[in-house]
Amino acid sequence: MDSTRAADFCVRRLSPSVGAEIGGVDVRALVPSEIARIKDLFLQHHLLVFPDQQLTDADIQRFAEHFGPLEGNQVRGVDGAVLPPVHRIANVDLEGRPSANPLLKSNYSWHTDKAYLPTPSLMTLLWGEEIPLSGGDTQFVSTEEAYDTLPAATKRRIEGLRVIQSFKHMLDTLGQHDIIRADEIPPPVVHPLVRTHPETGRRGLFVANYSSGIVGMDEAEGRRLIDELLEHATRDEFIFVQRWKLRDLVIWDNRSLLHRAIPNYEMGKDRRILRRCVVRGGAPR
Ligand code: SIN
């Protein structure tokens with residue numbers, strides 16, 4: 001493989017503010033110039049789709065590690081073991097049967113991965129291993145577009161505020177205590193409510209399903225503000241929908257996007273299996 005080969009991908013924008021499809025790439029065989037180009041496109045579009053990639057777990061890990069070290073997990077799979085760094089997100093039980101009761105219900109509400117850690121994730125990668133006959137989409141919104149389109153008075157009101165991100169809050173809200181041992185629940189953390197992307201300098205809202213309160217506000221006032229900002233960020237016109245095809249590889253920037261899975265498929269009949277890994281990020285500023 002020629003390591004100086006120019007990166008001549010076919011780039012197709014998928015929505016005005018989020019997403020580009022990158023054709024003509026085999027992510028198992030990238031040269032340094034191509035990796036650099038992919039990183040530029042990642043910053044520009046926040047989310048990249050690479051169609052028809054045939055990947056093993058080792059290929060997934062190698063590709064993801066171009067962006068940084070992989071993050072470990074806190075939650076346990078259907079077999080009771082903590083999920084490995086490259087793991088399956090699936091609606092299947094121990095015998096592989098489709099289930100209408102997916103293990104990770106939190107994935108079906110708006111979130112950004114690992115927001116409850118001191119260093120939330122930089123990037124998430126999903127690869128389509130088994131896709132429902134219809135539906136099973138993932139939706140994304142830009143937290144930067146959300147911030148940019150806030151009224152000036154709201155921007156002033158939230159300047160300098162800090163948000164509490166709590167794994168336990170998500171567990172309590174969704175009634176999901178079976179995915180983690182009580183003594184392994186990470187303690188709540190405090191992050192800026194408006195975070196600045198460390199590479200682009202753009203500002204974005206940092207609220208989602210882990211957000212349990214605002215420092216200095218009583219519970220009800222904090223809840224109202226979080227709900228107001230989340231409702232604004234996830235307006236229909238901001239949503240980009242990833243409609244999965246088999247072997248799609250999707251990566252996205254958790255520093256600038258929220259996402260959620262959509263239960264618009266026959267969960268009790270169709271298997272939906274995505275392989276996933278998460279790249280560790282830095283402390284939000
Ligand atoms: C995730 O939240 O990381 C997975 C989303 C999905 O299953 O579509």
Side-chain angles (χ1 to χ4, degrees), residues 15-18 46-47 75 102 104-118 120-121 124 137-177 179-180 185-197 202-242 252-264 281 283-285:
S15 84
S17 52
V18 176
H46 315 286
L47 175 147
V75 304
L104 299 178
K105 296 178 190 53
S106 58
N107 287 353
Y108 289 79
S109 58
W110 287 110
H111 65 287
T112 169
D113 289 329
K114 319 273 184 191
Y116 50 84
L117 294 181
S121 70
T124 300
D137 306 334
T138 310
Q139 295 183 336
F140 296 86
V141 289
S142 159
T143 58
E144 295 169 353
E145 182 171 32
Y147 178 76
D148 289 348
T149 53
L150 283 174
T154 309
K155 285 185 181 163
R156 280 195 299 276
R157 179 157 63 103
I158 65 175
E159 185 66 36
L161 291 181
R162 293 186 306 147
V163 60
I164 302 160
Q165 308 280 16
S166 159
F167 196 84
K168 182 167 180 311
H169 171 75
M170 179 280 289
L171 296 176
D172 292 345
T173 316
L174 298 174
Q176 252 282 230
H177 294 90
I179 59 169
I180 191 166
I185 297 175
V189 292
V190 171
H191 287 309
L193 178 60
V194 178
R195 68 186 292 187
T196 302
H197 194 291
R202 286 188 68 185
R203 307 187 83 199
L205 293 177
F206 196 21
V207 282
N209 65 359
Y210 299 108
S211 308
S212 63
I214 302 289
V215 175
M217 287 186 185
D218 68 34
E219 199 182 323
E221 191 186 2
R223 189 69 263 152
R224 268 198 305 278
L225 179 57
I226 289 166
D227 289 347
E228 175 191 328
L229 295 174
L230 198 52
E231 200 179 308
H232 168 77
T234 58
R235 277 164 26 191
D236 283 352
E237 63 267 34
F238 293 156
I239 295 177
F240 164 71
V241 185
Q242 159 68 8
W252 69 87
D253 193 337
N254 280 303
R255 301 164 299 182
S256 56
L257 298 185
L258 297 178
H259 64 281
R260 66 173 177 181
I262 300 297
N264 62 345
R285 309 246 177 259

Does [X] reach the side chain of [Y], with side-chain heavy atoms less than 4.5 Å apart?
X: L161; Y: M217; value: yes
X: L229; Y: T154; value: yes
X: P186; Y: I180; value: yes
X: L150; Y: I158; value: yes
X: H169; Y: I164; value: no
X: D137; Y: N264; value: yes
X: V189; Y: L117; value: no
X: N254; Y: P120; value: no

*Test: E159 and R203 ion pair at under 4.0 Å*: yes

*asked:* Is it the case that the side chains of D113 and S121 hold a donor-acceptor pair, with the cut-off being a distance below 3.5 Å and no angle test?
replied: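 Result is no, nothing qualifies.
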
*asked:* Checking S256 against H46: is there a side-chain donor and acceptor pair closer than 3.5 Å?
replied: yes

*For residues 204-238, which residue pairs qualify under ring-ring contact (aromatic ring centres under 6.0 Å, His included), counting only residues two or more places apart or in two chains?*
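The answer is Y116-Y210, H191-F206, H232-F238.
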
Measuring from atom [atom1] of [X] to atom [atom2] of [Y], what distance do you get when rounded to the nearest 0.5 angstrom?
X: L171; Y: S106; atom1: CG; atom2: OG; result: 8.0 Å
X: I214; Y: R224; atom1: CD1; atom2: CZ; result: 12.0 Å
X: I226; Y: L193; atom1: CD1; atom2: CG; result: 7.5 Å
X: Q176; Y: F167; atom1: CD; atom2: CZ; result: 8.0 Å
X: M170; Y: Q165; atom1: CE; atom2: CD; result: 12.0 Å
X: R260; Y: I239; atom1: CZ; atom2: CD1; result: 5.5 Å

*Assess whether atom NZ of K105 is packed by more than 12 heavy atoms of other residues, nucleotides or ligands within 6.0 Å.*
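Yes, because the 6.0 Å sphere around NZ of K105 holds more than 12 heavy atoms from other groups.
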
*asked:* I'd like to know whether CD of E231 has more than 12 heavy-atom contacts from other residues, nucleotides or ligands below 6.0 angstrom.
replied: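 12 or below, so no.
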
*Passes side chain to side chain contact (heavy atoms under 4.5 Å, CB included), L225 versus R157? Steps please.*
CA-CA 10 Å; L225 179 57; R157 179 157 63 103; 3.6 Å; yes

*What residues form a salt bridge (charged side-chain N to carboxylate O under 4.0 Å, His left out) with R223, not counting sequence neighbours?*
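Once residues adjacent in sequence are excluded, the partners of R223 under the salt bridge (charged side-chain N to carboxylate O under 4.0 Å, His left out) criterion are D227.
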
Looking only at heavy atoms, which two atoms of [X] and [Y] are closest? And how far apart?
X: L257; Y: S142; result: CD2-CA, 3.7 Å
X: W110; Y: L230; result: CB-CD1, 4.4 Å
X: V18; Y: V141; result: CG2-C, 4.5 Å

*Residues forming a ring-ring contact (aromatic ring centres under 6.0 Å, His included) with H111, sequence neighbours excluded*: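 With neighbours one apart ignored, the set is H259.
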
